[in-house]
Structures are given as C-alpha cells and as structure tokens.
There are 2 protein chains.
Amino acid sequence: MGGTDGLDGALDVRDLRYFRAVAEERNFTRAAERLGIAQPPLSRAVRQLERRLGARLLDRSTRQVTPTAAGLVLLEEAVRVLDAVSAAAHRTRRAARATPAVVVTAKPGVATDLLRRMTRAYAAQPDAGRVEILVSGYGEQGGMVRDGRADVALLGTGEDDHGLDLEPLTTEPRVAALPAGHALAARSVLSCRDLAGLPFPHCPVLPPHADDYWWGRDAREEAAAQPGPVVRDSSQLLEAVALGQAVALVPASLAERNRRDDIAYRPVRDAGPYTLAIAWPSGSRSPVIARFVRTAIEVASHHEPPSHAAGPPPRVVDPPPGVAGPPVRLAEASARQG
Amino acid sequence: MGGTDGLDGALDVRDLRYFRAVAEERNFTRAAERLGIAQPPLSRAVRQLERRLGARLLDRSTRQVTPTAAGLVLLEEAVRVLDAVSAAAHRTRRAARATPAVVVTAKPGVATDLLRRMTRAYAAQPDAGRVEILVSGYGEQGGMVRDGRADVALLGTGEDDHGLDLEPLTTEPRVAALPAGHALAARSVLSCRDLAGLPFPHCPVLPPHADDYWWGRDAREEAAAQPGPVVRDSSQLLEAVALGQAVALVPASLAERNRRDDIAYRPVRDAGPYTLAIAWPSGSRSPVIARFVRTAIEVASHHEPPSHAAGPPPRVVDPPPGVAGPPVRLAEASARQG
DNA sequence: TCCCATCCATACCGTCAGGGTATGGCGTGA
DNA sequence: TCACGCCATACCCTGACGGTATGGATGGGA
C-alpha cells in the first residue's frame, strides 16, 4: 500500500533502536549500557546511520550529546517504527494461537464493574471469541495497545493516546482525596486553587520496565524532581494519600469504592470530569476489535455510574462505529495545543 | 512511548520485506527475483522468521503458497512497519535540509487552481516555510504521505486513505465522460444504471513503480482482467475516453477544464459527488503541517467552484483543527463497511 | 595550574549471519 | 512417463557487527 520500499537508505530496526537509546540517554556510554553492548560499536553504528541518511543527527559538543532538529524527527519516527515492529510480532503471535482472543487492558481498580459487564456482554454474543484481560500500570495502557500486547484499552482523560483512536465511554466528576487530618479536609467543598502547590502523586508517565526500557536522563531527573510520590495503581495512590505524602484528584467512583478512615474525599468545584474511553490502534480494520468496541459502547451507554449524587445523565451513543468505529477523539485532543 | 522493546523476537526490517514479498507474490521464486536475491536464502529467511515467531505463516501446499491467518496479520503489520521505516528516512532527510519545506502531493489536473491558492496563501504568511509540490499518479497520494515522501496530500473520494487523517475541502458533482459518438451521448441525462457494465478506466490501484514495487500475481491478473484501460492521470483518462476505450465519471470541474470535440460530458442523476480532501499522517503533531492544513481549509472555504450550474453551496468550515486538525474522516470512511 | 575523571572516537580482530551456487525431491500437466 | 516448475537442503564465502584496547579532548577540582 505504501509506495516504493526502495532501500530506504537501508534503515534497520537495529539502527533505530540504537539511535533511540542514544537520543534518549543523551550519552553514548549509558545508551550502550542500556542496549547491552559496548560503546564503540554504538558510536560506529550511529555514525553509519548519519552517513546513510546524509544528515547530522546528534551534536556531540563538549560534554553533551544533543539531538539536532533532524535527530528529533528521527527519534519520533523511530519510536513509531519500534512500536510497529513490536506490534507486528505480538499480533502475529497472538493470531497464530489456536483460539485467538481479544486482549483488553486496563489499570486495576478503575471501572472494574464496567469492564466485567463489557466482557460478559461480548462473550455472550454468538461465535464471539475469548476475551483476555491484561492489567497494566498507570499510563501503560496506550503503549500496550501501540506495541500490540493488547488489542484495546480502557484509559482515562489525560492519558497518552498517541496513535490510538478513542471513543468516550463514561464521564464522572473527580473529587479530591486528602489525608484525613489535612487542613483542607475541614472544608466541605474545595476549588482547584486550594490544591495548587500541593504534592500530587506522579503517575509514572512512562512504562516502568526498568530492565528493557528507560527514559532519558533528564526525564528521569525530572520525574525525580517532582514533589509527589510515584504510584502505579490506585491502591498505591490511596496509600500515598493516606500516609500524607500527597493529595490527589480521583474519579468519584474510585472514592465510592474506597471509603477509608484515613482519607477524606471532598468535591472540587472546578475540577474537570474524569472521562473513561476505549481505545484501539488507530485505523484498525479488525472486525473483532470493532465488535468489541461496539459492545463496549453499548454496555457503557446502559451503565449506571456506581451511584454518586450528581453524575451526568447516561451518555447517548453517537453514531455507532463502522468497522472500527469512526475515529473520534476526545475534545481534549483537539484542545491539546493551540 | 511504547512499551518494552525487548527483542521483539528480533524482528527485522529485512525479514519483513522478505516476508511481504513472498506473501504478496505467493511464490518464493518470483519474490526472490523481486527482491533481487536468490531463492534459497529467501526460503531460509522466511523459515527462520516462522521459527522466531513460533508460528506458521505460509502454507506451502502443492503448487501454491498461501498465507495463513497469522501470515495475513503479519502481512498487514509488515506494510505498516515498512511504511514507517520509509517515512523515518524520508522525513529525517527532509528535516535535515537547510530550508525544510512542506511537501504537498496531488495528482495532476485536479484542483490545480485550488492548490495554487493554498500554497500562495500559505507562503504569504509571515515566517512560513517553503512549499514544494510533488505530482503523483492516480492512487499514489496516500502512499506518498504514508511513506514520508510528502507531508500532506490532496485526494478525492474513494482513494486509499489508510493511516491518514482527512479533512474535506470541496465537493462537486460528477459527470459522465463519453466518447463523442457513443449511443448514450445522445441522451441529456444519464443514471448509474446506464453506465453499468461499460468499461471504466482502471485507476492503477497501486503504485506503478514497476522496479521496486509490485503487486502479487492475483492483484496483477485481476487488474489485467478488468475491462477498462489503466490510466495514471486525467489526460490519460480523457484520452482513453476519447479513443472509445472507456467511459468515466469525472468531477465536473475537470469536465469544465477539458471541453473537447471528441468527448461528451453528461450529468448523471444518481452519481455521488466528488469530494476533495486534504490528508496528513494520522496523529501528526507537526505544527507546520497543522498550519498548512488550516490554511488549506480556510482557502477552500472561500473557494468558488470554477463555475458550474448547480454546485453545492460553499462549504462551511466546521470547527477549525487544533494542532493537526481534529481527525475527522469523510462519511465515506464510516460507511466503508457495515 | 595541573591532574584526573569522563566521554567519545579510532584501530584491530574474531565470529557468525546472510547471500550465492549447486543440487535434490516432489507434484503437476502434457 | 517425461519435463518443467517450485521449494528445500548442503556447502562455501564474504562482510558486517560486536568486543577489547587505546587515544584525544574537555571540564572540574585541588
């Protein structure tokens, strides 16, 4: 479908993995370490890559390796390629299994009942395949779909939805979770201003596979510099709040399901709602995925939010998706930047 | 951003190119020829790939090589990967040039005036970069954007928009183009039924780079089996009509601009309109592309269709795109299949 | 100012994967 | 039955990739 394969200047997955490591680490030695090879071959590989592309990719000035403009472009493209390669392997292996299944991923503790209903409704359909549920840490869902470990994901407002198509499922208000003894807990209603400056839990923006995936040093340092603790799931988050290490904005349903003495939940007047969406690989034509998405939307539209006072009225399904659903992004997406 | 790179089972661009060739050609010998290597290494490579993935990809039954279910999945993924790799090389090289430009591709003879206005309007903006126009053959535009040779494309209803985000620009009716002496030319209005069964020009569904890109044998045979001639641009198309080899449905504006004695244009009552859209890589965040797309939409909304009687009213711009415009597909896309 | 630590580049070498040639086995069609 | 087409196997060779050793440059600390 694409055009000429040509030789693409003979770009290779290995080259892209290597370049990505260096561009992210901004340091050949650390990158080599991360890749599990020695530093000299890495230097050579990157240099060869630059020669093949006929472009300088890295400025190796004194004491600092920084990507050039072209290097930044290649870094972005490399990530896409590597995800696509990963996806190719995962999806092929999955398709080869005797009874292929739809793999849906979600972070633990959110929308478990909705998820249960979805899978049940799907499995109830005649000749529907199996459904596997793959739990993932905060912020991991997008990556799991992109690299093919999962077919669809449930993810919330503000999570990384790069390269995915989304359809919103449910919306509910968010409330503040405060340590029981916190000064703000004395008040019955808060506003965002009240929370400004307080330590928020830092959802690890990135996959925490320390072994085979790292962030560049600045990203790591940046993460370390954040005031709040790093949490991977809702129980860690609540624990952090209970221990007084942080405050957090959580979906109302999560608060409902986690009433505890050591945490005070308070409405926040001007906090945006939490929207849960279902996501699938952008442009997927898989009828199985389309069917699951349709089912999910159907179920969500009948789904009564677990019972909190002023939830929004049940969502009306907009035009049902075609094969993989009309790619509609959340409003958030278009507002992402000016 | 994706998850674990792991080793992906050590998938490689080379493996995917090889597998794609075999899966498309359905014949090892021809695939090897197409790849410019000998057949035995190809057999070995595919076998190794199957071992690495732990899945049978091809059924090599007697006299016939057919992809398995897993093989079909991998074929689709392979195309994505290869396009992404191509795109990485092209975009990086482009970004490395002293004065990076927006490359827009369109087939010749369609919307040239609109294209001219768009580029002029874009270039008129302060600190806007250069614009390069890359002409492409029928059906090639999508591939050119996908593999990074172009940044944006103008393409019409029904063209391959896989992996692209679209925004419609203009809509105009289509008319039938008939050889002047044709029996139907005697009538003043036609319907689709009248045209059924007549030889239509076969827009080469696929890139015609005979050297480095071929279709699988069935696709080629299928194409050869089509009654109508194969054409690559509008002048070839009109020539084919004039020579009596085919009839065609063409946008009204094309008819306007190509009045000839040997071709009769007739309205077709129930023919769908021709919608021209601008397309860019799905999920692109490039501000340059976003800007060009915004300009294009703006220009198109002010654009008076070249003057034909009952054109639709000037199109109203729906919510202007954010960074890269809200990915909205043409209605056609959601109707693509039930 | 001098020294040392850090970090990237170069030189050299061994290994193995990938490609070529020759050939065999098998099924099909004349 | 023969001949052809097609895929698999066997074997060899080349070259790319990775490792080790080492050099050169820069910047910080004493």
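Quick note: numbers below take in every heavy atom, side chains included, and nothing from hydrogens, waters or symmetry partners. Below, chain A is the first sequence line, B the second, and so on; all start at residue 1.
For D:dC7, one of the phosphate oxygens OP1 or OP2 lies less than 4.0 angstrom from a side-chain nitrogen or oxygen of B:Asn27. In this model, the phosphate group of D:dG18 is approached by a side-chain N or O of A:Arg14 to a distance below 4.0 Å at OP1 or OP2. A sub-4.0 Å separation between OP1 or OP2 of D:dC7 and a side-chain N or O of B:Gln64 is absent. Look at B:Thr29 and you won't find any side-chain N or O under 4.0 angstrom from OP1 or OP2 of D:dG5. Taking side-chain N and O atoms only, B:Arg60 has a distance below 4.0 Å to OP1 or OP2 of D:dA8. In this structure, A:Arg47 reaches the C:dT10 phosphate: one of its side-chain N or O atoms is under 4.0 Å from OP1 or OP2.
The two residues A:Thr92 and B:Ala70 come nearest to each other via the heavy atoms CG2-O, 3.7 Å.
Among residues two or more places apart in sequence or in another chain, the salt bridge (Lys or Arg N to Asp or Glu O under 4.0 Å) test is passed with B:Arg91 by A:Glu77. Every residue two or more places apart in sequence or in another chain was checked for a side chain to side chain donor-acceptor pair (under 3.5 Å) with A:Glu76, and none qualifies. With sequence neighbours left out, the salt bridge (Lys or Arg N to Asp or Glu O under 4.0 Å) criterion links B:Arg14 to no other residue. Contacts of A:Val103 classified as side-chain contact (heavy atoms from CB on, under 4.5 Å), with partners at least two apart in sequence or in another chain: A:Arg94, A:Glu132, A:Leu134, A:Ala150, A:Asp151. Every residue two or more places apart in sequence or in another chain that forms a side chain to side chain donor-acceptor pair (under 3.5 Å) with A:Thr99 is listed here: A:Arg130. Scanning for side-chain contact (heavy atoms from CB on, under 4.5 Å) contacts around A:Val135 gives an empty result, with sequence neighbours left out. B:Arg60 pairs by the side-chain contact (heavy atoms from CB on, under 4.5 Å) definition with B:Phe28, B:Val46, B:Arg47, B:Glu50, B:Arg56, B:Leu58, not counting sequence neighbours. The ring pair (Phe, Tyr, Trp, His ring centres under 6.0 Å) check on A:Phe292 picks up A:Tyr122, with sequence neighbours excluded. Here B:Ala84 pairs with A:Val81 under the side-chain contact (heavy atoms from CB on, under 4.5 Å) rule; sequence neighbours left out.
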Distances under 3.5 Å only, N/O to N/O: pair up the protein atoms with those of nucleotides 13-15 of chain D.
none

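The distance between atom CG of B:Leu57 and atom P of D:dC7, rounded to the nearest whole Å, is 16 Å. For A:Asp12 and C:dG18, the CG to C1' distance is 13 Å, given to the nearest whole Å. Atom CZ in B:Arg56 sits roughly 13 Å away from atom P in D:dC7 (whole-Å rounding). The interatomic distance linking A:Gln48 (CD) with D:dG18 (C1') rounds to 12 Å, in whole Å. One atom, CG of A:Asp59, and another, P of C:dC7, lie 18 Å apart when rounded to the nearest Å. Across the protein-nucleic acid pair, A:Arg52 atom CZ and D:dA16 atom P stand 10 Å apart, rounded to whole Å. Spacing between atom CZ of B:Arg30 and atom C1' of D:dC7 amounts to 13 Å, rounded to whole angstrom units. The separation between B:Glu25 atom CD and D:dC6 atom P is 12 Å, rounded to whole Å.
Of the candidates A:Arg52, A:Arg20, A:Arg51, A:Asp15 forms a salt bridge (charged side-chain N to carboxylate O under 4.0 Å, His left out) with just one, namely A:Arg52.
One axis for each end of the helix from C:dT1-D:dA30 to C:dA30-D:dT1, each built from five base pairs, and the angle between them comes to 20° at 10° resolution.
Near DNA chain C, meaning a heavy atom under 4.0 Å away, the residues from residues 36-46 of chain A are A:Gln39, A:Pro40, A:Ser43.
Of the charged side-chain nitrogens involved, at least one lies within less than 4.0 Å of a carboxylate oxygen, so that A:Arg291 and A:Asp127 count as a salt-bridged pair.
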